[in-house]
Participant: 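Got a structure for you, questions after.
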Amino acid sequence: MVKNNEKKKISGAQAVVKCLIAEGVDLIFGYPGGAIMPVYDALYDVEEELKHVLTRHEQGAVHAAQGYARATGKVGVCIATSGPGATNLITGIADAQVDSTPLVCITGQVAAHLLGSDAFQETDVIGISMPVTKWNFQVTNAQEIPFALAKAFFIARSGKPGPVLVDITKDAQFEPFHFNYTTFTGMRSYLPIPKFNKGMCEKVIEQINEAERPLILFGQGVILGNAESEFKDFIEKSGIPSAWTILGLSALDSDHYLNVGMLGMHGNYAPNKLTNECDLLIAIGMRFDDRVTGNLEKYAKQAQIVHIEIDEAEINKNVFANYPLIGDVKEILPYLTAHIEARTHPEWLQQFRELEKEEIEAVIYQELNPVVDQLSMGEVLNLINEVSDNKNVIVSDVGQHQMITCRYAKFKASKSSITSGGLGTMGFCLPAAIGAKMGEPNKEVIAIVGDGGFQMTLQELGTIFQFKTAVKIILLNNEFLGMVRQWQELFFDKRYASTTMINPDFQTIVAGYGIETNKVKQRKYLKGAIKTMLDFEGPYFLEVMVGKENNVFPMVATGDSVADIRLK
Amino acid sequence: MYKLKEKYTISVFTEDVVGILNRVTIIFTRRKINIESIAAGESELDGIYRYTIVITECEENVIKIIKQLEKQVEVIKAVYHLDNDVVFQEIALYKVKTSVLASGGKAENIVRAHNARVLTVETAFTVLEKTGHKEETQSLFEELKPFGILEFVRSGRVAITKPMKTLASIVEAMEKETESQDNISNLFNLK
Ligand SMILES: Cc1ncc(C[n+]2csc(CCOP(=O)(O)OP(=O)(O)O)c2C)c(N)n1
């Protein structure tokens, strides 16, 4: 009897693996090391059910998990060892926290009796990760594992999603115990989805019915709330022009007649200018980031403001909301749609069209059709739009190419723009693209990266090589840390302190990883090269040499009002 | 724009879990807000901890802090009050040489005038206790100072709120609401 019972026991490490499978996870990213070895050993037995992708750096693992989560809407999972393994995850965790990406990060930890003793590879990862996690927890005995992981998944994906970290001591991973898994369904101190206030809805409906110049600003909340179609119904019935934050990009078709473009520092001219002319501003699933609002003292002061948001802490944080609506967009929007009058705002929409025309003349036309020999980043994006079906997942890094990508890439499907928004993490792109491709293998995943950011996580070419991940990488090489150089040009008298990049031969490096490569310097080869890349079956690297000192415009300079957006 | 800063007492009710104090204080330190005093302990309900935190801030920022506190998954409730809306006390302990308190001495009169209690008398030292608002414990401190204070300690503020809504009723409402999230799968962004 006793023997039989003993047999049914499994180790903590095996329990970790079983919990992941029970949560529906079939792909994880990570990097092994001493304190997490028992979990790796357990993974060895379930390779078929639960695939582990060995990245080349823990930062690669966490960004890949983010890319996976952003492309699929599922929780991304990454694992790492204690000490340096755990600290290498921190940038990605901070990124996921500010961009609301559901992640479960599992770290190994030194044995419980060594905690606090400065043991080999011990770091206080609970302490370090606390400010950048939605929740974290340290497990010191095996019995805690199922509950901790069930709770971790629940917290990561419910309400406003975010990263959680579970730190598991090595002895707990070895410890045998009787495993039993039940999914977690809630806790009294945490209400993921507050019930929205119908009384407030009535007031909002009245405002919408009466507004002459209403404007909608939408963010990632629409995507995270799976409310793209509810959102579309809402704007179509209300006839309200809608502008997006870069995290909201792809929630609405780029070519939708009510899509009036990108908000913020390098956003479009019309929505920025008219933010200060609308009479009703309806913010949906966005948090009025300073890159979106510019100077808050001069932001939409003339407008009544409706803020639809799941996270109450965002209400009145940056912009005072006359009509806060806290709850789930997927419930609130259909309620509003059902009760508002069907309207159109042709004259108001015309104002957007006119300002758009100005922007096209002053900025967009030149960006997409340069008269100089040097290639522009915009024409690369434009050609991708032209030769593809616009159903690609486009992952961008951080800098000028990111702004150009968000400004010019066209999207037809939600969850298809992935970029590091709130944290602006250079190096995010390549590993995030790997994760996105692994999560959505049937979609074309295109990574758009600068020569600076590429070199921050370029080691992940090794992951692409090993797993034959068919991502398409476009390096927009301006031989500068372009975005910083632009600021130096505009605000620091062209004093280019440490922004010149003396680059290696990327062709040789990438070829060394067995990846197909090409390099384009001349316009006449560009379209063909992009086509060849997209037609290619496996991973592909296309380097495009672009103008070294091109700038991204329009621009709202720091401290300026959105209405003072400059075209030059 | 000048915003009036006032003294606020923030009461935070949390689940009894390791690390929650850290999560609570991070929210203040992130904004570079100095925590003037903090007291932690169990509340009247089993398994619920209560932190009493005193800061000087403008109300607008206090509200933002309250929301960020409540956003923490293991924080049950956070509330804030001005001094008028709470009954509060601090306790201070003073260690002085027993010789200075020898009968008839000036020091003894001071102790009496302040209604301080003698907790223990040893040959070498005496420990006094005074409970009250900070100004009161501080004024005893100032007056005893010339006689030599060997050791001094003051607790953080503990406060009871005047408004009558009980923690039990708040918790009960929250438990009900969590249960009524009947279709849990709706919470997930499952495909
Ligand atoms: C990890 C990190 N370090 C520094 C920065 C600051 N930064 C923002 S954009 C930028 C330049 C990016 O250069 P590159 O990758 O070549 O892209 P480009 O702007 O030229 O398109 C830098 C250094 C950052 N965002 N992230």
Side-chain angles (χ1 to χ4, degrees), chain A residues 23-24 69 72-75 100 102 124 126-127 129-138 140 151-162 164 167 183-195 223-227 297 311-318 320 326 328 330-331 415, chain B residues 1 12-31 45 47-49 59-78 167-191:
Chain A
E23 288 291 339
T72 63
K74 295 192 268 188
V75 178
S100 307
D124 175 14
I126 292 295
S129 66
M130 202 168 268
V132 292
T133 47
K134 188 171 171 188
W135 180 76
N136 63 8
F137 186 75
Q138 186 170 60
T140 50
K151 195 165 165 180
F153 275 90
F154 176 81
I155 292 171
R157 68 184 156 209
S158 60
K160 180 179 186 170
V164 304
D167 191 36
T183 48
F184 190 82
T185 55
M187 57 209 275
R188 63 181 176 192
S189 59
Y190 169 63
L191 187 67
I193 298 182
K195 275 199 196 73
I223 299 172
L224 293 171
N226 282 320
E297 303 291 325
D311 177 7
E312 193 178 349
E314 293 301 338
I315 303 292
N316 300 345
K317 189 183 80 178
N318 298 330
F320 178 80
I326 304 154
D328 185 355
K330 209 176 170 69
E331 293 171 12
K415 297 197 183 73
Chain B
M1 202 165 44
V12 189
F13 301 90
T14 76
E15 300 291 354
D16 175 16
V17 287
V18 178
I20 189 75
L21 174 61
N22 206 357
R23 277 202 182 267
V24 166
T25 55
I26 280 171
I27 290 166
F28 296 86
T29 48
R30 226 189 127 176
R31 290 174 176 265
L45 295 186
I48 295 183
Y49 266 65
E59 185 171 17
E60 192 185 323
N61 283 346
V62 172
I63 293 171
K64 288 178 190 177
I65 288 165
I66 292 289
K67 287 182 185 168
Q68 284 180 337
L69 286 166
E70 291 200 330
K71 183 170 166 174
Q72 301 304 315
V73 294
E74 278 150 344
V75 168
I76 294 168
K77 185 83 196 157
L167 179 59
S169 69
I170 292 170
V171 170
E172 196 183 320
M174 291 178 83
E175 282 171 354
K176 246 196 206 141
E177 213 165 341
T178 316
E179 272 164 34
S180 74
Q181 301 241 322
D182 32 16
N183 194 352
I184 289 293
S185 65
N186 272 348
L187 305 179
F188 298 166
N189 299 319
L190 291 179
K191 267 190 136 178

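Chain naming here is simple, since letters A, B, ... match the order of the sequence lines and numbering starts at 1 in each. For clarity, every value in this text was computed on a predicted model and none was experimentally measured.
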Participant: Decide, yes or no, whether a salt bridge links A/R188 with B/E177 under the criterion of side-chain N to carboxylate O below 4.0 Å.
Facilitator: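 B/E177 and A/R188: not salt-bridged.
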Participant: Going from CG on A/D311 to CD on B/Q68, what distance comes out if it is rounded to the nearest 0.5 angstrom?
Facilitator: 8.5 Å
Participant: To the nearest 0.5 angstrom, please state how far the CG atom of A/L191 sits from the OG1 atom of B/T178.
Facilitator: 6.0 Å
Participant: What pairs with B/T25 under side chain to side chain contact (heavy atoms under 4.5 Å, CB included), at least two apart in sequence or on another chain?
Facilitator: B/L21, B/N22, B/I35, B/I38
Participant: What's the separation between atom OG in A/S189 and atom NZ in B/K77, rounded to the nearest 0.5 Å?
Facilitator: 12.5 Å
Participant: Go through the atoms of B/V171 and report whether side chain, backbone, both or neither lie under 4.5 Å from a heavy atom of chain A.
Facilitator: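 Interface part for B/V171: side chain.
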Participant: Given a strict heavy-atom distance threshold of 4.5 Å, which part of B/V73 is in contact with chain A: side chain, backbone, both, or neither?
Facilitator: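 Interface part for B/V73: both.
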Participant: Which heavy atom in B/K71 sits nearest to a heavy atom in A/K160, and how many Å separate them?
Facilitator: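 Shortest heavy-atom separation between B/K71 and A/K160 comes out as NZ-NZ, 4.0 Å.
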Participant: Heavy-atom pairs under 4.5 Å with chain B - which of A/I126, A/I155, A/T183, A/N136 has more of them than the others?
Facilitator: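 Winner by heavy-atom pair count: A/N136.
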Participant: Are the side chains of A/M130 and B/I26 in touch, meaning some heavy atoms are under 4.5 Å apart?
Facilitator: yes
Participant: What residue in A/G24, A/A156, A/G127, A/P131 has the most heavy-atom pairs under 4.5 Å with chain B?
Facilitator: A/P131
Participant: Between the side chains of B/E74 and A/K151, is the shortest nitrogen-to-carboxylate-oxygen separation below 4.0 Å, so that they form an ion pair?
Facilitator: yes
Participant: Can a salt bridge be assigned to the pair A/E312 and B/K67 using a cut-off of 4.0 Å between side-chain N and carboxylate O?
Facilitator: no
Participant: Rounded to the nearest 0.5 Å, how far does CZ of A/F320 lie from CD of B/E60?
Facilitator: 9.5 Å
Participant: Specify which of B/R23, B/R30, B/Q72, B/M174 makes the most heavy-atom pairs with chain A at under 4.5 Å.
Facilitator: B/R23
